[in-house]
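See structure below.
The chain is numbered in sequence order, starting from 1. Excluded from the calculations below are hydrogen atoms, water molecules and symmetry mates; all remaining heavy atoms, backbone and side chain alike, are included.
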Amino acid sequence: MSTGALRSMHACASAPEPPSLFKNAEKGKAEMEKIIVTNHDDGVTLIAINRPERRNAICAQTALELQAAFAEFDRSGTQRIAVLTGTGDEAFSGGADVTNLPELWRCVPTVGISTDKPIIGAVGGWCVGGAMVIAMMCDLMVAADNARFSYPEAKLGFTGGMIAGLAGRIPHKIAMEIMMLGRTVDAARAHEIGLVNQVVPKGQQVEAALAMARELAGMAPLVLQTIKRFVTESVLAQGPSEKMGRAQRELGIVRDSADIEEGMLAFREKRAPRFTGR
């Protein structure tokens, strides 16, 4: 069973580096082992979790690939808006793959995924546990009418805590009902409580999200990015798990830098280090 456990928030320093992306990209499309990335000429990037046989459950490799894909998207000078979805219509994602637990913080927007560019979630079918955390952290969301949001961790006996941010995004009592009672929320209810922006017929969620993304792509990028940054950094509350994940991301930049290698080499060679800030 796939769940949203965030057990790996205590990632060690030996955590693997996110894989390089677009090694075999052709015509704007790159297919990695667990995800598919499509770059459209209109500035929109579609990123799809591609494990339909596992209800798009997020394994360790999936989390790494998502983090790498969004890092590539953030660096791009042409791609302005991202749409995140799961392959097929039966599940956006069943959450963390308990047979191969991920460092789930890596693929959560504003936590392991660092970009001021807008991200739109396109949810069809089940969105469970950690996948619900990922979806709620998107800036906008489109849901198919068969979408089902569930956070069953209280029934299973564990949590990574990042779901607490739900209470800052929808009414408090409704968030507590979802988190503590584990009640499933359908698409209509999700729209009613403000969790999603738009509900469309099953199978149309990706196209609707892409249409919304194209509309956004025509807006002033600096304005969109500034608004997102102000909201993320100064308006929405950040819980302990979010802060921990962001700290992991920042420390990872230092840990994987050329400067740390230069520092250790200089120490061994008993000379002054020549740091480059990279």
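- Proximity of I47 to T38: side-chain heavy atoms (C-beta onward) are nowhere separated by under 4.5 Å.
- Going from atom CG of N197 over to atom CE of M212 covers 5.0 Å, rounded to the nearest 0.5 Å.
- A distance of 8.0 Å separates CZ in R169 from CG in L166, rounded to the nearest 0.5 Å.
- In this structure, L64 and T62 have side chains that are not in contact, with every pair of non-hydrogen atoms separated by 4.5 Å or more.
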Would you sort out whether L216 and L140 count as a side-chain contact (heavy atoms from CB on, under 4.5 Å), showing the intermediate values? CA-CA 11 Å; L216 277 176; L140 297 161; 3.7 Å; yes
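- Of all heavy-atom pairs between A131 and F92, the closest is O-CE2, 3.8 Å.
- In terms of hydrophobic clustering, with Ile, Leu, Val, Met, Phe, Trp and Tyr side chains grouped at heavy-atom distances under 4.5 Å, V196 and M132 are assigned to a common cluster.
- Partners of A91 by side chain to side chain contact (heavy atoms under 4.5 Å, CB included), not counting sequence neighbours, listed by chain and number: R55, W126.
- For F275, the CZ atom counts as densely surrounded, since its 6.0 Å shell holds more than 12 non-hydrogen atoms of other residues, nucleotides or ligands.
- Not counting sequence neighbours, the partners of L265 by the side chain to side chain contact (heavy atoms under 4.5 Å, CB included) test are E262, R268, E269, R271.
- Side chains of Y151 and V128 form no contact here, defined as non-hydrogen atoms less than 4.5 Å apart.
- Shown here are the side chain to side chain contact (heavy atoms under 4.5 Å, CB included) partners of T78, two or more places apart in sequence or in another chain: S76.
- A donor-acceptor pair under 3.5 Å links the side-chain atoms of R249 to the main chain of V111, judged by distance alone.
- With sequence neighbours left out, D42 forms a salt bridge (Lys or Arg N to Asp or Glu O under 4.0 Å) with R214.
- Looking at I58 and I134, their side chains come closer than 4.5 Å, going by heavy atoms from C-beta outward.
- Hydrophobic clustering (side-chain heavy atoms under 4.5 Å, transitive across Ile, Leu, Val, Met, Phe, Trp, Tyr) keeps V83 apart from I36.
- Contact detail for P109 and C107: the closest heavy-atom pair is CD-O, 3.6 Å.
- A donor-acceptor contact shorter than 3.5 Å links the side chain of K117 to the backbone of Q79.
- With sequence neighbours left out, the side chain to side chain contact (heavy atoms under 4.5 Å, CB included) criterion links A48 to T85, T87.
- Rounding to the nearest 0.5 Å places CG of L84 at 13.0 Å from CE of M137.
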For residues 171-183, please give each side-chain donor-acceptor pair under 3.5 Å, one per line with the distance, not counting sequence neighbours.
none

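- A donor and an acceptor atom, one from each side chain of T110 and R246, are located under 3.5 Å apart.
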Audit row: M244, M162, side-chain contact (heavy atoms from CB on, under 4.5 Å) steps and yes/no: CA-CA 10 Å; M244 186 185 301; M162 206 174 294; over 6 Å; no
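- Between the CG atom of L66 and the CE atom of M32 there is a distance of 9.0 Å, given to the nearest 0.5 Å.
- Looking at heavy atoms from C-beta onward, L46 lies out of side-chain contact with V37 at the 4.5 angstrom threshold.
- Interatomic distance, C127 SG to M141 CE, rounded to the nearest 0.5 Å: 6.5 Å.
- K228 is linked by a salt bridge (Lys or Arg N to Asp or Glu O under 4.0 Å) to D139, counting only residues two or more places apart in sequence or in another chain.
- For the residue pair A144 and A187, the shortest heavy atom distance occurs at O-CB, 3.3 Å.
- Closest approach of L101 to A96, counting heavy atoms only: CD2-CB, 4.3 Å.
- Considering only residues two or more places apart in sequence or on other chains, D186 meets the side chain to side chain donor-acceptor pair (under 3.5 Å) condition with none of them.
- Looking at residues two or more places apart in sequence or on another chain, you find a salt bridge (Lys or Arg N to Asp or Glu O under 4.0 Å) between E192 and R189.
- Among residues two or more places apart in sequence or in another chain, the salt bridge (Lys or Arg N to Asp or Glu O under 4.0 Å) test is passed with R80 by none.
- Separation of atoms CZ (R148) and OG1 (T184) is listed at 8.5 Å; rounding is to 0.5 Å.
- A salt bridge does not link D259 to R278: none of the charged side-chain nitrogens sits closer than 4.0 Å to a carboxylate oxygen.
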Criterion side-chain contact (heavy atoms from CB on, under 4.5 Å) on F70 and I119, from CA distance to verdict: CA-CA 10 Å; F70 275 100; I119 300 173; 3.7 Å; yes
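- With hydrophobic clusters built from ILVMFWY side chains whose heavy atoms lie under 4.5 angstrom apart, I163 shares a cluster with I193.
- Side-chain atoms of N56 come within 3.5 Å of backbone atoms of R51 as a donor-acceptor pair (strictly under, hydrogens ignored).
- Of the possible polar contacts, one joining the N146 side chain to the G125 backbone as a donor-acceptor pair under 3.5 Å is found.
- For the residue pair R106 and Q248, no side-chain donor N or O sits within less than 3.5 Å of a side-chain acceptor on the partner.
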Atom pairs and distances, donor-acceptor, side-chain atoms in residues 198-210, under 3.5 Å, two or more places apart:
from	atom 1	to	atom 2	distance (Å)
K202	NZ	E90	OE2	3.0
Q205	OE1	G203	N	2.9
Q205	NE2	D89	OD1	3.0

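- For the side chain to side chain donor-acceptor pair (under 3.5 Å) test, residues two or more places apart in sequence or in another chain that qualify with T115 are D74.
- The backbone N or O of N39 lies less than 3.5 Å from no partner atom in the side chain of T45, so there is not a single donor-acceptor pair.
- For the pair E153 (side chain) and F158 (backbone), a donor-acceptor distance under 3.5 Å is absent.
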Carefully, step by step, assess W105 and Q67 under the rule side-chain contact (heavy atoms from CB on, under 4.5 Å). CA-CA 9 Å; W105 64 268; Q67 187 179 36; 4.1 Å; yes
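- Here the closest heavy-atom approach between residue A135 and residue V123 is recorded as CB-CG2, 4.3 Å.
- Residues V133 and L195 share a hydrophobic cluster, clusters being chains of Ile/Leu/Val/Met/Phe/Trp/Tyr side chains in contact below 4.5 Å.
- The nearest pair of heavy atoms linking I49 to S93 is CD1-CB, 4.3 Å.
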